[in-house]
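Below: one structure, written as structure tokens.
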Amino acid sequence: MDIFGIKALLISALIFIPFEHLFHERQQKTFRKGLGVDLIYVMFNGFIIKIVIILIAANALDAAAILVPQSMTNAIGGQPVWLQVAEIILITDIGVYWAHRAFHKIPALWRFHAVHHGIEELDWLGAFHSHPVDAILTKAISLTPIFFLGFSQASIAVFSVIYFWHTLLVHSNVRIPFGPLKWLIAGPQFHRWHHANQREAYDKNFAGQLPFLDVLFGTYNATGNKMPDKYGVDDPIPSSYFGQAGYPLVPRGKLPKPAVPSTEA
Ligand SMILES: [Zn+2]
Ligand SMILES: [Zn+2]
């Protein structure tokens, strides 16, 4: 088992580094600032997220055995895999949407999520750059219903592969026009406008995979081909891994300047 995600990282690097080089949206160096910190995120988050998913699955399956009629879990897990995968993407992304929105809305949660928004040179590796608390809570909220409802192992495995590559793609520094599909499938343009550090982008485009959820819940930012002026956040995020890990817990008075909370009304 690729417990630290090293194999996945190497395969991703072999695909995304040339891909970003050929079709880059913004001129950026491959060996950019913060690369070493992101590699720690890949390994540490990769490890703890695997442990957390195992714990979520075990607890949700135990609870489901008591609370959900077996006829229901059998019916859900007995559907064709493609249909289960589509349902899993919809259910998990509704969870991702609301978890993500809560991370922006609630100041104590925002300080964990601000670490992800601290990325200033957005590329595929940024997909891994999340505070462990952010990553764990989002996974718990989005995945618990999937294990609870009895989706099959095969469909969960297919979803996991799709989710992994899709997350890297939306963070990648590439220009891919999605055309009319931009409402259905999140692309880099959709998510880079979530990372833009400018007023019109704040608290928009929360979905992970399905932009129409933002349309439905009133947070969609249609940007056309326009590029953000800059990425990042005004909060004083430290540059080291351990600085970022401790950042949400440091009393505000000890920070260089006050953290800027979400602007969502
Ligand atoms: Zn966010
Ligand atoms: Zn992101």
Side-chain angles (χ1 to χ4, degrees), residues 5-43 45-46 93 96 100 113-131 134-135 161-212 214 219-235 237 239-241 244:
I6 305 286
K7 205 161 70 180
L9 174 72
L10 291 176
I11 295 169
S12 314
L14 283 173
I15 293 171
F16 277 98
I17 291 173
F19 191 39
E20 289 189 335
H21 194 69
L22 290 172
F23 304 105
H24 61 84
E25 176 70 74
R26 192 180 281 252
Q27 194 78 42
Q28 289 179 179
K29 289 179 185 158
T30 301
F31 294 96
R32 55 159 172 76
K33 199 176 92 183
L35 186 71
V37 171
D38 282 355
L39 294 177
I40 300 175
Y41 275 106
V42 171
M43 287 186 275
N45 282 12
D93 214 38
V96 165
H100 193 177
H113 187 57
V115 170
H116 182 60
H117 281 267
I119 300 168
E120 290 179 358
E121 290 182 84
L122 194 63
D123 63 13
W124 63 282
L125 209 47
F128 300 94
H129 186 115
S130 293
H131 193 285
D134 182 354
V161 172
I162 294 172
Y163 179 83
F164 176 81
W165 290 105
H166 197 179
T167 308
L168 266 59
L169 177 69
V170 299
H171 287 92
S172 64
N173 176 34
V174 292
R175 177 176 281 272
I176 314 175
F178 272 46
L181 283 179
K182 71 177 185 180
W183 303 100
L184 183 65
I185 304 168
Q189 179 72 354
F190 172 79
H191 194 62
R192 68 171 58 105
W193 271 96
H194 180 70
H195 278 269
N197 187 11
Q198 49 202 96
R199 181 151 295 281
E200 68 266 37
Y202 293 161
D203 302 316
K204 296 283 194 298
N205 295 3
F206 289 116
Q209 295 185 271
L210 305 172
F212 63 82
D214 279 283
T219 49
Y220 186 72
N221 181 21
T223 56
N225 293 323
K226 210 168 69 160
M227 277 294 296
D229 297 331
K230 59 174 179 165
Y231 301 119
V233 73
D234 295 331
D235 305 44
I237 311 286
S239 57
S240 72
Y241 179 83
Q244 291 174 11

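What you see below is based on every heavy atom in this structure, not just the backbone, and it leaves out hydrogens, waters and symmetry mates. As the structure is a prediction and not an experimental result, all values here were calculated from the model.
Here CZ of Phe206 is found 13.0 Å from CG of Asp93. Values are rounded to the nearest 0.5 Å. Atom CG of Leu169 and atom CZ of Phe19 lie 6.5 Å apart (nearest 0.5 Å). If you take CG on Leu168 and CD1 on Ile15, they are separated by 9.0 Å, rounding to the nearest 0.5 Å. Note that CG of Leu22 and CZ of Arg175 are 15.5 Å apart. Values are rounded to the nearest 0.5 Å. Taken to the nearest 0.5 Å, the CZ atom of Arg192 stands 11.5 Å off from the CG atom of Asp123. Atom CG in Leu184 sits 6.0 Å away from atom CZ in Phe212 (nearest 0.5 Å).
In this structure, the side chains of Val174 and His24 stay at 4.5 Å or more apart for every pair of heavy atoms. At a threshold of 4.5 Å between non-hydrogen side-chain atoms, the residues Asp235 and Val115 do not count as touching. Here the side chains of Asn197 and Tyr202 are in contact, with some heavy-atom distance below 4.5 Å. Taking the side chain as every heavy atom from C-beta outward, Gln244 and Ile237 approach each other to under 4.5 Å. Using a 4.5 Å heavy-atom threshold, the side chains of Asp214 and Lys204 count as separate.
Of all heavy-atom pairs spanning Phe128 and Tyr41, the tightest one is O-CB, 3.4 Å. Smallest separation of non-hydrogen atoms from Asp229 and Gln198: N-OE1, 2.6 Å. Heavy atoms only, all atoms of each residue included: Phe178 and Pro188 are closest at CE1-CD, 4.1 Å. The shortest heavy-atom contact between Arg26 and Asn173 is O-ND2, 2.7 Å. Pro211 approaches Phe190 most closely through the heavy-atom pair CB-CE1, 3.6 Å. Closest approach of Tyr163 to Thr167, counting heavy atoms only: O-OG1, 2.7 Å.
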Would you sort out whether Leu125 and His171 count as a side-chain contact (heavy atoms from CB on, under 4.5 Å), showing the intermediate values?
-> CA-CA 7 Å; Leu125 209 47; His171 287 92; over 6 Å; no
When you look at Trp165 and Ser12, which way does the side-chain contact (heavy atoms from CB on, under 4.5 Å) test go after all the steps?
-> CA-CA 8 Å; Trp165 290 105; Ser12 314; 3.9 Å; yes
Tell me, with the steps shown, if Leu39 and Leu9 meet side-chain contact (heavy atoms from CB on, under 4.5 Å).
-> CA-CA 9 Å; Leu39 294 177; Leu9 174 72; 3.8 Å; yes
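Taking the charged nitrogens against the carboxylate oxygens, Asp38 and Arg32 do have a contact shorter than 4.0 Å, which makes a salt bridge. A salt bridge links Glu200 and Lys226; the closest N-O separation between the charged side-chain nitrogens and carboxylate oxygens is under 4.0 Å.
Remark: aromatic rings of His116 and His194 are distant, center separation not under 6.0 Å.
Ring orientation note: the planes of Trp124 and Phe16 are close to parallel, at an angle under 30° on the 30°/60° scale.
Remark: side-chain polar atoms of His166 are paired, donor with acceptor, to backbone N or O of Ala186 under 3.5 angstrom. No side-chain donor-acceptor contact under 3.5 Å links Asn205 to the backbone of His191.
Heavy atoms from other residues, nucleotides or ligands lying under 6.0 Å from NE2 of His21 number 12 at most.
Applying the side-chain hydrogen bond (donor to acceptor under 3.5 Å, both in side chains) test to Asp134 and every residue at least two apart in sequence or in another chain returns His113, Thr138. Partners of Lys33 under the salt bridge (charged side-chain N to carboxylate O under 4.0 Å, His left out) rule, at least two apart in sequence or in another chain, are Glu120.
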